[in-house]
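For reference, the structure is listed below as structure tokens.
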Amino acid sequence: MKNFGCTFTVNGTPDYLLDIKGRAIWLEFKASKGKPSIVQVKIVDNINSWGGIARIIYPKDFEDTCKLIEEVINDE
């Protein structure tokens with residue numbers, strides 16, 4: 001699911017939500033020189049501390065992100 005920023009969305013919600021076998025993976029994509037807002041960092045930290053999976057992804061992180069998704073797909 002792609003989250004679009006508008007009046008009805010919570011500020012700082014990650015860009016994408018993947019649902020794989022009932023596991024939620026939240027991804028916030030940034031350009032190489034992009035910087036997450038304080039709210040984005042807090043939300044990602046909260047999701048992870050609650051046992052979820054959330055990442056702020058830069059182009060250099062693409063391979064690691066693919067591995068993470070594959071691990072969730074192959075987790076039985």
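Proximity of a side-chain donor or acceptor of D19 to a complementary backbone N or O of G22 within less than 3.5 Å is detected. Listed for the K60 side chain is no donor-acceptor partner under 3.5 Å among the backbone atoms of S32. Of the possible polar contacts, none joining the D75 side chain to the E71 backbone as a donor-acceptor pair under 3.5 Å is found.
The two residues K30 and P59 have their closest heavy-atom pair at O-CD, 3.4 Å.
For residues 39-60, the set of pairs meeting the ring-ring contact (aromatic ring centres under 6.0 Å, His included) definition, not counting sequence neighbours, is empty.
Rounding to the nearest 0.5 Å gives a distance of 4.0 Å between CD1 of I53 and CZ of R23.
Residues meeting the salt bridge (Lys or Arg N to Asp or Glu O under 4.0 Å) test with K42, sequence neighbours left out: none.
Within the 4.5 Å cutoff, side-chain heavy atoms of L68 are placed close to those of R55. Within the 4.5 Å cutoff, the side chain of F62 has no heavy atoms near those of the D64 side chain. Contact of the I69 side chain with the L18 side chain is registered, since non-hydrogen atoms from C-beta on lie closer than 4.5 Å. Counting heavy atoms from C-beta outward, V41 and P36 have side chains that approach closer than 4.5 Å.
Within 6.0 Å of NZ in K2 there are more than 12 heavy atoms belonging to other residues, nucleotides or ligands.
Test V44, I56, T13, D15 against W26 for side chain to side chain contact (heavy atoms under 4.5 Å, CB included) and you get one pass: T13.
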